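Just so you know, these numbers come straight off a predicted model, no measurement behind them. Just the heavy atoms: all of them, side chains too, but no hydrogens, waters or symmetry mates, feed the values below.
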Amino acid sequence: LSGRQLFLKQINNLYLMRSRGAPLEFKQSGYRKLRDFICDLPGLDCCGNGNQLEVVVTNREAFEAFCHSVTDDVEESQSFNKPQPLPESFQRKVVELFQSCGSIEIT
């Protein structure tokens with residue numbers, strides 16, 4: 001909805017990142033291809049072909065209504081866990097390592 005391009009080939013990676021590694025299981029819902037699944041979502045369609053297949057919003061209101069209807073259930077069962085910060089002792093060791101190397105490149 002931000003107006004940026006979103007290619008179909010990016011969908012699986014985005015889903016994996018946002019679902020803590022759980023795959024997008026569209027085939028379990030009877031779809032053979034991700035494209036078919038996406039095109040069945042209210043307000044979305046796919047344009048282009050090959051690896052340039054782009055997901056586009058064709059009906060913003062329908063898509064937003066669909067998103068609200070499914071996220072209400074998800075928000076109750078899942079939440080984002082922010083990673084814990086690195087301990088200060090570890091941070092100091094990393095700084096000391098870089099300082100001890102001087103101008104030597106670390107690879």
Side-chain angles (χ1 to χ4, degrees):
L1 295 178
S2 65
R4 297 187 330 199
Q5 283 186 315
L6 176 63
F7 293 105
L8 189 66
K9 62 185 178 184
Q10 297 172 296
I11 297 290
N12 273 326
N13 287 338
L14 288 170
Y15 188 84
L16 282 170
M17 288 188 301
R18 295 181 177 165
S19 68
R20 300 181 187 159
L24 181 57
E25 297 175 347
F26 59 92
K27 290 183 180 181
Q28 290 182 348
S29 297
Y31 295 94
R32 288 182 43 223
K33 297 181 179 184
L34 180 58
R35 175 190 177 135
D36 298 333
F37 172 73
I38 295 294
C39 290
D40 256 3
L41 297 177
L44 293 184
D45 203 355
C46 295
C47 296
N49 46 27
N51 67 353
Q52 295 299 309
L53 198 58
E54 184 179 353
V55 178
V56 293
V57 177
T58 56
N59 184 329
R60 185 182 186 107
E61 293 79 24
F63 183 63
E64 286 178 346
F66 170 74
C67 290
H68 289 298
S69 71
V70 296
T71 55
D72 289 342
D73 296 334
V74 172
E75 287 175 359
E76 292 175 7
S77 65
Q78 296 179 352
S79 63
F80 173 73
N81 293 325
K82 185 176 179 180
Q84 295 294 320
L86 293 172
E88 285 186 39
S89 60
F90 178 77
Q91 292 177 29
R92 280 193 299 273
K93 287 181 182 180
V94 171
V95 170
E96 289 171 7
L97 174 67
F98 280 101
Q99 289 174 339
S100 70
C101 293
S103 63
I104 298 171
E105 183 178 331
I106 298 174
T107 57

**OP:** If a pair satisfies ring-ring contact (aromatic ring centres under 6.0 Å, His included) and one of its residues is in residues 33-58, list it, with sequence neighbours excluded.
**Re:** Y31-F37
**OP:** Determine which pairs satisfy ring-ring contact (aromatic ring centres under 6.0 Å, His included) with at least one residue from residues 7-29, sequence neighbours left out, and list them in order.
**Re:** none
Original post:
When you look at NZ of K9, are more than 12 heavy atoms from neighbouring residues, nucleotides or ligands closer to it than 6.0 Å?
Top reply: yes
State which residues pass side-chain contact (heavy atoms from CB on, under 4.5 Å) with [X]; sequence neighbours excluded, sorted by chain then number.
X: C39; value: R35, D45, C46
X: Q28; value: E25
X: Q99; value: V95

Original post:
For the residue pair S19 and A22, what are the closest heavy atoms and their distance?
Top reply: OG-O, 2.7 Å
Subject >> Main-chain N/O of L86 paired with Q91 side-chain donor or acceptor, under 3.5 Å >> reply: yes
From [atom1] ([X]) to [atom2] ([Y]), nearest 0.5 Å:
X: E54; Y: L8; atom1: CD; atom2: CG; value: 10.5 Å
X: Q10; Y: N51; atom1: CD; atom2: CG; value: 11.0 Å
X: K93; Y: S100; atom1: NZ; atom2: OG; value: 13.5 Å

Subject >> All salt bridge (Lys or Arg N to Asp or Glu O under 4.0 Å) counterparts of E88, not counting sequence neighbours >> reply: R92
Subject >> Test side chain to side chain contact (heavy atoms under 4.5 Å, CB included) applied to V57 and L44, step by step >> reply: CA-CA 5 Å; V57 177; L44 293 184; 3.8 Å; yes
**OP:** Establish whether V56 and I38 are linked, either directly or via other cluster members, by ILVMFWY side-chain heavy-atom contacts under 4.5 Å.
**Re:** no
